[in-house]
Number of protein chains: 2
Amino acid sequence: MAILGIKDIAALANVSPATVSRVFSAPDMVSKKTLNKVKKIIDEVGYRPNRMGSSLRTRKSGNIVAIIPDITNPVNAGIIRAIEQGAQSAGYSVLLGDTQGLEEREQHYADLVSHGQADGILLFCSRIPFKTDPNLPLLGQLPPMVNGNERIDSDEVVQVAVDNVAATMFATEYLISLGHKRIAAVTGPSDIASSNERLEGYKLALKDAGIKADSAFQIEGSYDVQSGMDCASQLLMLPQRPTAIFCFNDDMAIGVMKFLQKQGFVIPDDISVMGFDDINYAQFVSPSLTTVHQPLHEIGSTCIDLLLKQLKGQVVEPGRRYLPFELKVRDSTGKVPE
Amino acid sequence: MAILGIKDIAALANVSPATVSRVFSAPDMVSKKTLNKVKKIIDEVGYRPNRMGSSLRTRKSGNIVAIIPDITNPVNAGIIRAIEQGAQSAGYSVLLGDTQGLEEREQHYADLVSHGQADGILLFCSRIPFKTDPNLPLLGQLPPMVNGNERIDSDEVVQVAVDNVAATMFATEYLISLGHKRIAAVTGPSDIASSNERLEGYKLALKDAGIKADSAFQIEGSYDVQSGMDCASQLLMLPQRPTAIFCFNDDMAIGVMKFLQKQGFVIPDDISVMGFDDINYAQFVSPSLTTVHQPLHEIGSTCIDLLLKQLKGQVVEPGRRYLPFELKVRDSTGKVPE
DNA sequence: TTGATTTTTGTAAACGATTACTTAATAAAC
DNA sequence: GTTTATTAAGTAATCGTTTACAAAAATCAA
């Protein structure tokens, strides 16, 4: 007998399988005496209830799947970490769905719930990974799901994020308050919703300050360090250079700084640089990076909490929930030159 | 009827459930005609086989669990990413087990396999997360498992890593070749096997060069940036300062650099700094960091490949497998001052 | 055509738990 | 000491697949 099942335990303890089951799921429905008797056997033989058996019967896998574009990105890693914690302490396990930005893989992972392999979805992409096939889950009968850190264009899904528009607006205003008027934006890919929101906030701030947005000052990067370097090089070739560069994530800001320094510029005396995210390294680059802080842990834990609520059967109002951002003023930004 | 099962499909297609099952698992055992008939129905109604049902019957969950101390660490994140890819393309899903270094959580995740929730383990810690209870899996009948990037003190487990001893030895020799004789080591926590191996390599190189190891030059850090700063401050207070500081990971090296620069030292003219890992940011800090490159993707893919082999029933020789490291010489190291 | 093969299909018993529902045991009430 | 209420335990069906094994259908040889 390779591995013991609930019936074996029942036999050994001279009770019915139902009782053994209750020892785990409803211990106060079984008398002290039998409880101890059964527990003793369980310990002795090292019995572990088989999850597949119970999952099949209860129709709950005990898994949730986190669909993220790239676990290598410190922002995602930070969020996932909080998620994993929250899930684990609620008895759930998390399936990692690193999609590398591929829609196909997003769908693959979303399918885990229709296969009964996961009970809910934590989504960090800006697409809804369901075919709009009438037979498959339609909007209105979405599986338990929360969308984090990105924006999905649907008012039927629960969303958790920082208010990107407000955040970049606030941050841009800060640059303006330092006297900057020629403020460039290094954006993320234009198909990423959050990047567009950030652009919007940036434009709003300029408009409010009566500064007309120069389209040459808006460069699209790809959210990685190298692209920051490339964008910086483009900006430096402009006849009228910017006095401040607002990068929509920290990686690009680091790239921008690296490039500027290589060209002999001193930050922030010649040019100010600002980032977004406040990844761990932001405070350790030289000069330390002024950036918009995202509360990664809080984002993650809010996402998992809202999902767990849904899994418990509570209804969670769809719509956006904003978490507070914070502008971390450090040494990479300063007054406009002369 | 909320969701359709294999019997419903069978009924709709006028075949037996067995045939429907075979459509998925052994399509060439069913005639073209019925194959198409069944497939058509499946498409029409959007049937998805329930994984729990089949898992229960086949005793395979289709999951593997990755037990790692911290997903937030770029080294781990890089490895996990490769793992996830390999797993996914073999039809497996990966359960994320971020343990935050807690033995209790390591065990919790290892238990997933005894619960039938996972088929194998990818372990990135230096403890074997099984109680040595005779009833539980003993050594010798370990579950399919591979230990990555860390060392486990057992010759029964499959291990994949860079040869830490050789790597630090090589790197230290490089510093020696630059004329350095007072070379400090900022190690990781002493309960982490890989850190001890790195220390060993460092000592070996010194010994070979006839330099006696000064214990004041060996400071234990905790693998994070802040601890790099702390260690640097200690080193600077020494009457005889080191001319080079070898940090056993990049984060600490970044901390060391930050601190030195804050104190007005110029790197590498006054002091050389070297790291280990070659995380992405290593090349973008200023000056760019000389460091030992670990092939993260290869580590991850090797781990998952070896695990998949075991899951397919092939026997994999236990013991260590070394992957090649590479010293990336950049701008943070230079000749010993005058 | 007939029987021997081979290929397709069907039947029914698992897999390991949970849970209505029923029965037995115990406690409470009078 | 009955009867009734309460609590504890058991029975057996069920969750959705897979898979030996048996049966039927198709193919082939003579």
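Each chain gets a letter, A, B and so on, in the order the sequences are listed, and its residues count up from 1. These numbers were taken from a predicted model, which means no experiment stands behind them.
dT6(D) atom P lies 14 Å from atom CE of Met29(A), rounded to whole Å. As rounded to whole Å, 13 Å separates atom C1' of dG10(C) from atom NZ of Lys37(B). Put simply, CE on Met52(B) is 24 Å from P on dA14(C), counting in whole angstrom units. Per the geometry, NZ belonging to Lys32(A) stands 17 Å off P belonging to dT26(C), to the nearest Å. We find that CG of Asn36(B) is positioned 15 Å from C1' of dT8(C), with the value rounded to whole Å.
Of the possible donor and acceptor atoms, none in the side chain of His297(B) sits under 3.5 Å from a partner among the backbone N and O of Ile79(B). A side-chain donor-acceptor contact under 3.5 Å links Asn147(A) to the backbone of Leu123(A). Put simply, the side chain of Thr58(B) gets close to the backbone of Ser54(B): a donor and an acceptor are under 3.5 Å apart. A side-chain donor-acceptor contact under 3.5 Å links Gln310(B) to the backbone of Met145(B).
Among pairs with a residue in residues 66-90 of chain B, those fulfilling salt bridge (charged side-chain N to carboxylate O under 4.0 Å, His left out) read Asp70(A)-Arg81(B), Arg81(A)-Asp70(B), Asp98(A)-Arg81(B), Arg105(A)-Glu84(B), at least two apart in sequence or across chains.
Applying the side-chain contact (heavy atoms from CB on, under 4.5 Å) test to Ile192(A) and every residue at least two apart in sequence or in another chain returns Glu150(A), Pro189(A), Ser194(A), Ser195(A), Tyr223(A). Taking the side-chain hydrogen bond (donor to acceptor under 3.5 Å, both in side chains) definition, one finds that Thr34(A) meets it with Ser31(A), sequence neighbours left out. With sequence neighbours left out, Arg321(A) forms a side-chain hydrogen bond (donor to acceptor under 3.5 Å, both in side chains) with no residue at all.
Heavy atoms of Ser55(A) sit nowhere under 4.0 angstrom from any nucleic acid atom.
Here Ser31(A) reaches the OP1 or OP2 of dA9(D): one of its side-chain N or O atoms lies under 4.0 Å away.
Checked against dG10(D), dC15(D), dT8(C), the side chain of Leu56(A) finds its nearest nucleotide in dC15(D).
Taking a cutoff of 4.0 Å between a charged side-chain nitrogen and a carboxylate oxygen, Glu197(A) and Arg320(A) qualify as a salt bridge.
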Would you tabulate the pairs of protein nitrogen or oxygen atoms and nucleotide nitrogen or oxygen atoms of nucleotides 4-6 of chain C closer than 3.5 angstrom?
none

Treating primed atoms plus P, OP1 and OP2 as sugar-phosphate and everything else as base, which nucleotides of nucleotides 17-23 of chain D get B, S or - for protein heavy atoms under 4.0 Å? BBB----

